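Working notes, beginning with the structure itself.
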Amino acid sequence: MASLIHLNPAARDYTYNAPSGAEGGTDEHTVLAFHQTLPSYNETTLHTLPSLAASLGLSHVLVKDESDRFGLPAFKILGASWAVYRAVLSAIDANNGQQNMTVPELGAVARDRGLSIVTSTEGNCGRAVARMAKYLGLPARVFVPAYMSEGTRRKIRGEGAEVLVVNGSYEDTIPVIRREAADREGERVGARRGPRGYFVEGYSSMLAESEKQVPELTGGKPATHAIVPCGAGSIAQAVVQHYKGAQRQEQHGGAAVMAVEATNAACLKASLEAGEATDVPTADTIMNGMNCGTLSTLAWPVLREGVDASVVVADHESHAAVEEMKSSGILAGPCGAATLAALRRVCADPHARSSLALGSESIVVLHCTEGSRDYQIPS
């Protein structure tokens with residue numbers, strides 16, 4: 001049987017240097033300051049699991065719990081809000097897209113211009129985009145694949161968006177929204193627009209928060225390891241860029257990053273093994289937010305250089321981790337709980353454990369990206 005862990009030892013020495021100049025990104029403290037201006041901003045909880053840490057021979061296991069972010073059950077609103085904000089700024093050409101307008105001010109200008117938002121989604125991201133459109137007071141059209149449940153569609157409509165169904169997969173919705181935005185250029189803004197990965201930048205607020213929270217629970221020590229779900233790769237890219245960033249390494253040293261995937265959608269592991277971006281066929285999984293057979297072209301170069309290990313887990317392992325987290329008072333969905341399943345898999349493998357330097361001094365942060373939701377329990 002093929003190994004379910006791919007180790008990438010070269011990542012140990014990788015340093016991420018953020019772009020500079022005109023194409024430079026936005027630092028995470030600026031992005032966090034933006035998020036703090038939004039209605040119902042909340043710093044999500046960082047839980048500590050001392051019994052689990054002791055049983056695995058680790059110093060600390062911490063869980064960054066994204067089950068209630070702006071009242072939504074997942075981390076996606078962080079990326080969606082920043083991406084929509086920057087896309088709308090760019091669409092109205094406000095000071096060349098610089099972030100110097102409040103959300104109410106931007107919404108007023110955008111409404112005067114008759115702008116609307118278009119996007120596509122398999123679930124949480126579309127709802128998050130619709131929420132940001134509501135903050136701006138703009139209409140939103142969200143294109144979804146036919147297999148999306150009616151319950152999920154209702155939640156998106158509940159944010160005030162129009163939901164339109166496309167026959168086929170999520171990938172089939174993408175050309176539809178491109179045509180939709182292009183047909184009325186200047187009136188409709190694609191939520192994925194923007195050359196510098198605004199979704200990825202938006203996710204950095206979660207990391208800025210946890211960097212402050214970790215020392216409060218560890219006697220002043222920073223995280224040494226992080227585990228993150230990987231679907232198309234954007235959240236994993238954000239985690240690598242943070243923990244392998246030059247400034248973070250200078251202040252705290254680096255941290256090893258492990259990405260977890262579902263057995264039925266392990267495109268990162270296949271890509272790392274091949275040494276090039278590699279698509280894989282996908283099949284049903286309870287970790288449906290990770291059900292991606294193609295990596296983001298923006299994420300792949302960063303993941304190739306900076307992910308220390310790709311770990312694959314099965315549905316039954318993710319479900320067991322959901323139940324284990326529940327017993328500790330953490331209401332996680334299968335994607336979020338998969339990080340715990342990955343930690344258990346790596347700790348049970350002596351070679352992987354040694355290669356990743358997991359030991360009695362290790363402080364591991366599990367990025368639990370979604371809250372509890374209904375799914376079919378695997379047999």
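All values derive from a computational prediction rather than experimental measurement.
In this structure, the separation between CZ on Arg157 and CD on Glu150 is 4.5 Å, given to the nearest 0.5 Å. Considering CG of Asn291 and OG1 of Thr282, their distance stands at 4.5 Å, rounded to 0.5 Å. For the atom pair Met132 CE and Leu38 CG, the distance stands at 5.5 Å (nearest 0.5 Å). Atom CG in Asp308 sits 11.0 Å away from atom NE2 in His6 (nearest 0.5 Å). In this structure, CG on Asn288 lies 6.0 Å from SG on Cys335, to the nearest 0.5 angstrom. Separating the OG1 atom in Thr26 from the CD atom in Glu201 is a distance of 4.0 Å, to the nearest 0.5 Å.
Residues Ser210 and Leu62 form no side-chain contact, since every pair of their non-hydrogen atoms from C-beta on lies 4.5 Å or further apart. Here the side chains of Asp172 and Asn167 are not in contact, with every heavy-atom distance at 4.5 Å or above. Side-chain contact between Pro378 and Ile286: present, with at least one pair of heavy atoms (C-beta onward) separated by less than 4.5 Å. Side-chain contact between Val200 and Val302 is absent, with no heavy atoms from C-beta onward closer than 4.5 Å. A heavy-atom distance below 4.5 Å is found between the side chains of Tyr41 and Leu32. Ser81 places a side-chain heavy atom less than 4.5 Å from the side chain of Phe34. Taking the side chain as every heavy atom from C-beta outward, Leu89 and Leu106 approach each other to under 4.5 Å.
Partners of Arg304 by salt bridge (charged side-chain N to carboxylate O under 4.0 Å, His left out), not counting sequence neighbours: none found. Listed by chain and number, the residues in a salt bridge (charged side-chain N to carboxylate O under 4.0 Å, His left out) with Glu216 are Lys212 (sequence neighbours excluded). Remark: Thr44 pairs with Asn42, Lys64, Glu66, Arg69, Glu209 by the side chain to side chain contact (heavy atoms under 4.5 Å, CB included) rule, at least two apart or across chains. Residues satisfying the side chain to side chain contact (heavy atoms under 4.5 Å, CB included) criterion with Glu305, sequence neighbours excluded, are Tyr14. Considering only residues two or more places apart in sequence or on other chains, Glu28 meets the salt bridge (charged side-chain N to carboxylate O under 4.0 Å, His left out) condition with none of them. Taking Ser355 as the reference, Leu7, Arg12 meet the side chain to side chain contact (heavy atoms under 4.5 Å, CB included) condition, with sequence neighbours excluded.
Between the side chain of Asp27 and the main chain of Thr30, a donor-acceptor pair closer than 3.5 Å is present. For the pair Thr45 (side chain) and His47 (backbone), a donor-acceptor distance under 3.5 Å is absent. Not one N or O on the side chain of Ser40 forms a donor-acceptor pair closer than 3.5 Å with the backbone of Phe70. For the pair Glu159 (side chain) and Ala130 (backbone), a donor-acceptor distance under 3.5 Å is absent. Arg141 contributes no side-chain N or O that, together with a main-chain N or O of Val118, makes up a donor-acceptor pair within less than 3.5 Å.
Heavy-atom contacts from other residues, nucleotides or ligands closer than 6.0 Å to CD of Gln251 number more than 12. Other residues, nucleotides and ligands contribute more than 12 heavy atoms inside 6.0 Å of the CG atom of Asp112. Within a 6.0 Å sphere centred on CD of Gln376, heavy atoms belonging to other residues, nucleotides or ligands number 12 at most. No more than 12 heavy atoms of other residues, nucleotides or ligands lie within 6.0 Å of CD in Gln247, so this atom counts as exposed by the packing criterion.
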Quiz: residues 225-237 side-chain donor-acceptor pairs under 3.5 angstrom, not counting sequence neighbours:
unit_1, atom_1, unit_2, atom_2, d
His225, NE2, Leu356, O, 2.7
Gln237, NE2, Gln241, OE1, 2.8

Side-chain donor-acceptor distances from residues 252-264 under 3.5 Å, at least two apart:
unit_1, atom_1, unit_2, atom_2, d
Glu261, OE1, Leu268, N, 3.4
Glu261, OE1, Lys269, N, 2.9
Glu261, OE1, Ser310, OG, 3.3
Glu261, OE2, Cys267, N, 3.0
Glu261, OE2, Leu268, N, 2.7
Asn264, ND2, Asp284, O, 2.7

Which is it for Arg353 and Ser362 under the side chain to side chain contact (heavy atoms under 4.5 Å, CB included) test, yes or no, and what are the steps along the way? CA-CA 11 Å; Arg353 184 175 182 130; Ser362 298; over 6 Å; no

Side chain to side chain contact (heavy atoms under 4.5 Å, CB included) evaluation trace for Val240 with Leu303: CA-CA 7 Å; Val240 170; Leu303 302 181; 4.1 Å; yes

Could you go through Leu340 and Leu49, starting from their C-alpha distance and side-chain angles, then the distance that decides it, and tell me whether this counts as side chain to side chain contact (heavy atoms under 4.5 Å, CB included)? CA-CA 11 Å; Leu340 173 55; Leu49 302 178; 5.6 Å; no

Between Lys244 and Arg248, does a side chain to side chain contact (heavy atoms under 4.5 Å, CB included) hold up when you go through it step by step? CA-CA 7 Å; Lys244 304 281 185 164; Arg248 204 277 180 179; over 6 Å; no

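One hydrophobic cluster, built from ILVMFWY side chains closer than 4.5 Å, holds both Met101 and Val84. Phe199 and Ile117 fall within a single hydrophobic cluster, where Ile, Leu, Val, Met, Phe, Trp and Tyr side chains are chained together by heavy-atom contacts under 4.5 Å. Hydrophobic clustering (ILVMFWY, side-chain heavy atoms < 4.5 Å, transitive): Leu331 and Met325 are in distinct clusters. Linking Ile, Leu, Val, Met, Phe, Trp and Tyr whenever their side-chain heavy atoms come within less than 4.5 Å leaves Leu366 and Val307 in two separate clusters.
Nearest approach of Glu361 to Ser59, heavy atoms of both residues: C-CB, 3.7 Å. Here the closest non-hydrogen pair linking Leu298 and Gly197 is CD2-CA, 3.5 Å. Closest approach of Ala110 to Val88, counting heavy atoms only: CB-CG1, 3.8 Å. Contact detail for Ala223 and Val365: the closest heavy-atom pair is CB-CG2, 3.7 Å. The heavy-atom pair separating Gly202 from Trp82 by the smallest distance is N-CD1, 3.7 Å. Across His35 and Ile77, no two heavy atoms sit closer than the pair NE2-O, 4.5 Å.
Residue pairs satisfying the ring-ring contact (aromatic ring centres under 6.0 Å, His included) criterion with at least one member in residues 257-300, sequence neighbours excluded, are absent. Screening residues 311-340 for salt bridge (charged side-chain N to carboxylate O under 4.0 Å, His left out) gives Glu317-Arg345, Glu323-Lys326, Glu324-Arg344 as the qualifying pairs, with residues at least two apart or on separate chains.
Apart from Val144 itself, the hydrophobic cluster it occupies contains Val142, Met148, Ile156, Val163, Val165, where clustering links Ile, Leu, Val, Met, Phe, Trp and Tyr at side-chain heavy-atom distances under 4.5 Å. In the hydrophobic clustering (ILVMFWY side chains linked at under 4.5 Å, chained through shared members), Val280 stands by itself.
Residue Tyr203 is tested with His242, His367, Lys76 for a side-chain contact (heavy atoms from CB on, under 4.5 Å); the sole match is Lys76.
Ring geometry for Tyr375 against His319 counts as perpendicular: the plane angle is over 60°, on a 0 to 90° scale with 30° as the lower cut.
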